Protein chains: 2
Amino acid sequence: MGHHALTKNQQLVLNCLKANECALTAYDILDMVREGGIRAPVQVYRALEFLVTTRVVHRIESMNAYVACAHEHGNEDTPHNNAVAFTICDDCGVVSEISVPAAERTIDELAEKSGFIPDRTVVELHGHCANCSGSMG
Amino acid sequence: MGHHALTKNQQLVLNCLKANECALTAYDILDMVREGGIRAPVQVYRALEFLVTTRVVHRIESMNAYVACAHEHGNEDTPHNNAVAFTICDDCGVVSEISVPAAERTIDELAEKSGFIPDRTVVELHGHCANCSGSMG
DNA sequence: GATAATTTTGTAATAATATAACATTATGAA
DNA sequence: TTCATAATGTTATATTATTACAAAATTATC
């Protein structure tokens with residue numbers, strides 16, 4: 001195969017995240033994958049490190065937690081570009097990925113004016129989702 | 001006085017942060033304020049909670065650490081508005097505050113299109129500062 | 001294919017970050 | 001003063017993350 005398939009542990013962790021709309025902490029995940037054979041935190045953290053590096057999973061910095069990437073990552077890896085933000089509902093916990101390329105470029109350019117070279121940009125919005133705020137029907 | 005002055009512990013923690021360009025963790029701070037009489041983590045966390053709530057200090061979510069606000073907070077509290085981003089040099093650790101109101105408004109508006117009501121927006125850029133990247137003289 | 005070298009996975013322990021529960025002291029109200 | 005409230009201090013513990021090393025699997029070399 002062209003690139004590496006996921007190991008059993010990586011697949012277990014990824015499946016667990018895919019099954020949830022909320023961000024899960026490493027220990028949340030651990031609880032859910034014990035029956036799959038994972039026994040220790042470090043096994044979860046190792047899987048997460050790989051999945052985050054390959055952009056199949058995102059870390060939510062403001063929660064110390066993780067979500068599966070909303071994009072398709074089939075046999076061929078097509079990692080989306082960097083300009084991603086997250087909305088986090090502080091009522092129900094649902095995390096959604098939104099794409100904000102223009103705004104992120106604006107921010108990066110502003111930082112670059114002072115000579116800063118951005119590498120990784122974290123954008124996370126806490127608030128209330130449509131369901132919880134009642135702004136829907 | 002018009003509003004509350006800081007307590008001794010709050011002042012100790014704030015002074016400690018003001019003396020540093022880098023973000024400090026609660027335990028970094030604890031080490032530095034022991035001689036001032038603070039003995040336990042919870043005392044630092046309580047001071048930080050107050051200082052963050054009153055916007056005199058910012059929490060850097062991607063570092064689990066804290067920096068003093070770059071703006072003046074004299075006798076009269078003049079908390080700046082929300083649209084703040086941070087550049088974080090992963091080489092030297094220096095954290096700088098930059099103002100990105102337009103971009104943040106753009107992001108918030110994009111989120112609002114899906115019915116999300118933003119409350120608090122985290123924007124943190126990791127990378128290399130002018131000094132460390134050699135982009136200065 | 002056997003064997004050594006390398007990498008991956010597992011186990012145990014512990015470090016780093018954060019909060020809970022409750023005792024004590026200080027402050028303000030009656 | 002006396003009681004009520006709030007702030008501070010102490011101890012213990014919960015939560016998040018990593019280190020160190022052992023065992024097993026994989027790969028390279030002979």
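Quick note on labels: first sequence line is chain A, next is B, and so on, each numbered from 1. Being a predicted model, the structure only gives us computed values, none of them experimental.
Side-chain atoms of B/Tyr66 lie closest to C/dA18 of the nucleotides D/dT10, C/dA18, D/dA17. If you check D/dA17, C/dA20, C/dG10 against the side chain of B/Val42, the one that comes closest is C/dA20. Of all nucleotides listed (D/dA17, C/dT17, D/dT16), D/dT16 comes nearest to the side chain of A/Thr25.
Not a single donor-acceptor contact under 3.5 angstrom links the side-chain atoms of B/Tyr27 to the base of C/dA15. Not a single donor-acceptor contact under 3.5 angstrom links the side-chain atoms of B/Tyr45 to the base of C/dA20.
Close to D/dT8, at under 4.0 Å from its OP1 or OP2, lies no side-chain N or O of B/Asn9. Between A/Gln43 and C/dT9, a side-chain N or O to OP1/OP2 separation shorter than 4.0 Å is absent.
In this structure, the CE atom of B/Met63 is 20 Å from the P atom of D/dT16, given to the nearest Å. Taking atom CD of B/Gln11 as the reference point, atom C1' of D/dA7 lies 17 Å away to the nearest angstrom. Regarding A/Asn64, its CG atom lies at a distance of 16 Å from the P atom of C/dA16, rounded to whole Å. Following rounding to the nearest Å, B/Lys8 (NZ) and C/dT27 (C1') show an atom-to-atom distance of 17 Å. In this structure, A/Leu12 places its CG atom 16 Å from C1' of C/dT8, rounding to the nearest Å. Spacing between atom CZ of A/Arg34 and atom P of C/dG10 amounts to 13 Å, rounded to whole angstrom units. Distance B/Leu48 CG to C/dA18 P: 9 Å, rounded to the nearest Å. For the pair B/Asp28 CG and C/dT17 P, the interatomic distance rounds to 7 Å; values are reported in whole Å.
Taking the nucleotide of DNA chain D with the nearest heavy atom to each of B/Gly37 and B/Pro41, the more 5' of the two is matched to B/Gly37.
Between B/Tyr66 and B/His58, the gap from one ring centroid to the other reaches at least 6.0 Å.
Between A/His128 and B/Asp119 there is a side-chain heavy-atom pair separated by less than 4.5 Å.
For B/Glu49 and B/Arg59, the salt-bridge test fails: no basic side-chain N is under 4.0 Å from an acidic carboxylate O.
The neighbour count for A/Arg39 CZ, taken as heavy atoms of other residues, nucleotides or ligands under 6.0 Å away, does not exceed 12.
Within the nucleic acid shown, B/Ala40 comes within 4.0 Å of at least one base atom, counting heavy atoms only. Residue contacts for A/Arg46: at a heavy-atom cut-off of 4.0 Å it reaches a base atom on one of the strands shown.
Closest approach of B/Ala65 and B/Thr25 over heavy atoms only: CB-N, 4.0 Å.
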